[in-house]
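Protein chains get the first letters and strands the later ones, always in sequence-line order, with residue 1 at the start of each. As the structure is a prediction and not an experimental result, all values here were calculated from the model.
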Number of protein chains: 2
Amino acid sequence: MTTSPIATSRPRTVKLTEAVARLIVDDIVRRDLPAGAALPTEADMAVQYDVSRATVREALRILETNGLVLVRAGRYGGPQVGAADPVAFGRSLTWFLQLRRTHFWEVLEARVIVEPLMASLAAQRRSPSTREELTAAVDAHRALDPGDHAAYLAATQDFHGLIAGISGNGVLDLFGRALKEIYTERAIAEIRPADRHQEVLEEHERVVEAILAGDADLAERTMREHMQELAKGFERQYATLKDEVVGWW
Amino acid sequence: MTTSPIATSRPRTVKLTEAVARLIVDDIVRRDLPAGAALPTEADMAVQYDVSRATVREALRILETNGLVLVRAGRYGGPQVGAADPVAFGRSLTWFLQLRRTHFWEVLEARVIVEPLMASLAAQRRSPSTREELTAAVDAHRALDPGDHAAYLAATQDFHGLIAGISGNGVLDLFGRALKEIYTERAIAEIRPADRHQEVLEEHERVVEAILAGDADLAERTMREHMQELAKGFERQYATLKDEVVGWW
DNA sequence: CGCCATTTGTCCGTATGTATA
DNA sequence: TTATACATACGGACAAATGGC
């Protein structure tokens, strides 16, 4: 019928397009180019790799969806090195989740599970600069105008991102931040002030305290309690969204 | 210099290519097509969406890297619905890790952390069929010819994949399996028999026992011990690989 | 402000490679 | 083995966008 017998594994023949994509990444890594650095124009790449512009463009589309490059039209435009940031990774992750019919509650549950682990790791890995960063973040949070909802969101965002970074594990960092992006983009974007500002601040303070004390178990527990509170609030406000399949942004 | 001031945010103008990519996915989801189902040919899509074949091809490259479609040449070839499987996701993840200069030990550490969690979840979510699946997997492992290295690898692969599935969380499942793929592709592929077959089997048995007993804490602990043993063995054998940046396969 | 050079975005036509009945 | 139907890859052309002047 319409479904072919075997659909796994990749095609045997390697596509020129993908080879070019890898050459471009090799170039970025070898020259250690930072995000934002200019890459050759499509035309130049076509000459450099001795392929047509169409092939170069397909390679750039591959890299672009993965956040590795950024292509802008117009004069002084052209391909740039991308940030490969968690936002882009979250977007990529979302494609997979959508086709696998993953429900939104699974994203939330994954966060509830992963965030405490990163807090635990952060407590074990804290460095001299850690104290300043964390206290600065909490202080900024504490000093906020209680009515400024946007600032409140930004502060909580920073908090979780900061701990992810301190965890010292790039894989979990990337994953945790991507989950946060998917969650916030879909949920928080529409949320009405939860009147939990004060409680959230206190919970954050307890987590920071545990991390700075180097108490990994306590950091993990307090962060888990915090995430469970967050999940409960979500379930109250988004009973319908919970069982929806993850889509795009 | 060559680095432009701002490189964040996406380009303002929406590319036709991306719009077509979304339309194709919409079509897959709306018609609820399973992996392997045939999609229209490039030429048909060009007519259907009223764009050029070049645009369709770029859209297909986007979807192909994300495992959403699979394109094969030749007669009775053409675009198919992809599996969006952990292997494809791992490949996508690897692009990001490479550009972020993530070290291989971070992948391993993430596994050591995530696998026990999935075991814990599995113990809480076990269903009637769980017992059969797990006991069957362990029985198959136990019955292996001790010298059959390939079979041993397949058995351990199955074991971790099975638990990931039982965990009931699609996000962690996808993530855990992808990490496993990156790890095994790079490490196990070259490994020499570790003479740990018997011990590994016993460790697996202990984990299964805990899951079937519904003891989440015990499942988590035993799995963590198992993963830490695995990590130790890795560090002995791959002292150099450990600090390498993750690349492709 | 509008002009203008540069680069991508999009299209078409054609030739070649590839997989299957 | 051959014929067929498909993707793969090429080259050239024009439209649109961008940013400095």
Give the nucleotide from the list [options] with an atom nearest to the side chain of [X].
X	options	value
A:Val71	C:dT8, C:dT10, D:dT8	C:dT8
B:Thr41	C:dC11, D:dA7, C:dT20	D:dA7
A:Arg75	D:dC10, C:dG17, D:dT18	D:dT18
B:Leu16	D:dT8, C:dC11, D:dA7	C:dC11
B:Arg72	D:dA7, D:dG19, C:dT20	C:dT20

Test side-chain hydrogen bond (donor to acceptor under 3.5 Å, both in side chains) applied to B:Glu109 - qualifying residues, sequence neighbours left out: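 Checked B:Glu109 against side-chain hydrogen bond (donor to acceptor under 3.5 Å, both in side chains); matches are A:Arg125, A:Asn169.
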
From [atom1] of [X] over to [atom2] of [N], roughly how many Å is that when rounded to an integer?
X	N	atom1	atom2	value
A:Leu39	C:dT7	CG	P	14 Å
A:Met45	C:dT6	CE	C1'	16 Å
B:Glu64	D:dA7	CD	P	12 Å
B:Tyr76	D:dA5	OH	P	8 Å
B:Leu60	D:dA9	CG	P	13 Å
B:Lys15	D:dT18	NZ	P	10 Å
B:Gln80	D:dA7	CD	P	11 Å
A:Glu58	C:dT8	CD	C1'	15 Å

Heavy atoms only, 4.0 Å cut-off, all strands: where does B:Gly77 land among base, sugar-phosphate and nothing?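 If one applies the 4.0 Å heavy-atom cut-off, B:Gly77 turns out to touch nothing in the nucleic acid.
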
Need one value for B:Glu42: base, sugar-phosphate or nothing, where a base atom within 4.0 Å counts as base even if backbone is also close, heavy atoms only.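 Since a base atom lies under 4.0 Å of B:Glu42, the category is base.
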
First of A:Asp50 and A:Gly74 reached from the 5' end of DNA chain D, by closest nucleotide: A:Asp50

Sorted by position of nearest nucleotide on DNA chain D, 5' first, the leading residue of A:Ala73 and B:Gly78 is B:Gly78

It should be established whether B:Arg57 places a side-chain nitrogen or oxygen under 4.0 Å from OP1 or OP2 of nucleotide D:dA7.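 For D:dA7, OP1/OP2 do not have a side-chain N/O of B:Arg57 under 4.0 Å.
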
Using OP1 and OP2 only, check whether a side-chain N or O of A:Thr55 sits under 4.0 Å from D:dC10.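 So the side-chain polar atoms of A:Thr55 do come within 4.0 Å of the phosphate oxygens OP1 or OP2 of D:dC10, strictly under.
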
Look at A:Arg61 together with A:Glu58 and state whether they make a salt bridge at an N to O cut-off of under 4.0 Å. no

Taking A:Trp95's backbone N and O only, do any of them form a donor-acceptor pair with A:Gln98's side chain (distance below 3.5 Å, no angle check)?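 Pair absent, no side-chain N/O of A:Gln98 close to backbone of A:Trp95.
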
Would you call the rings of B:His204 and B:His160 parallel, tilted or perpendicular, where under 30° means parallel and over 60° means perpendicular? perpendicular

Is the shortest heavy-atom distance from the side chain of B:Leu241 to the side chain of B:Phe234 under 4.5 Å? yes

Does a distance-only test, which skips hydrogens and angles, find a donor-acceptor pair under 3.5 Å between the side chain of A:Arg53 and the base of C:dT7?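 No, the side chain and the base share no sub-3.5 Å donor-acceptor pair.
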
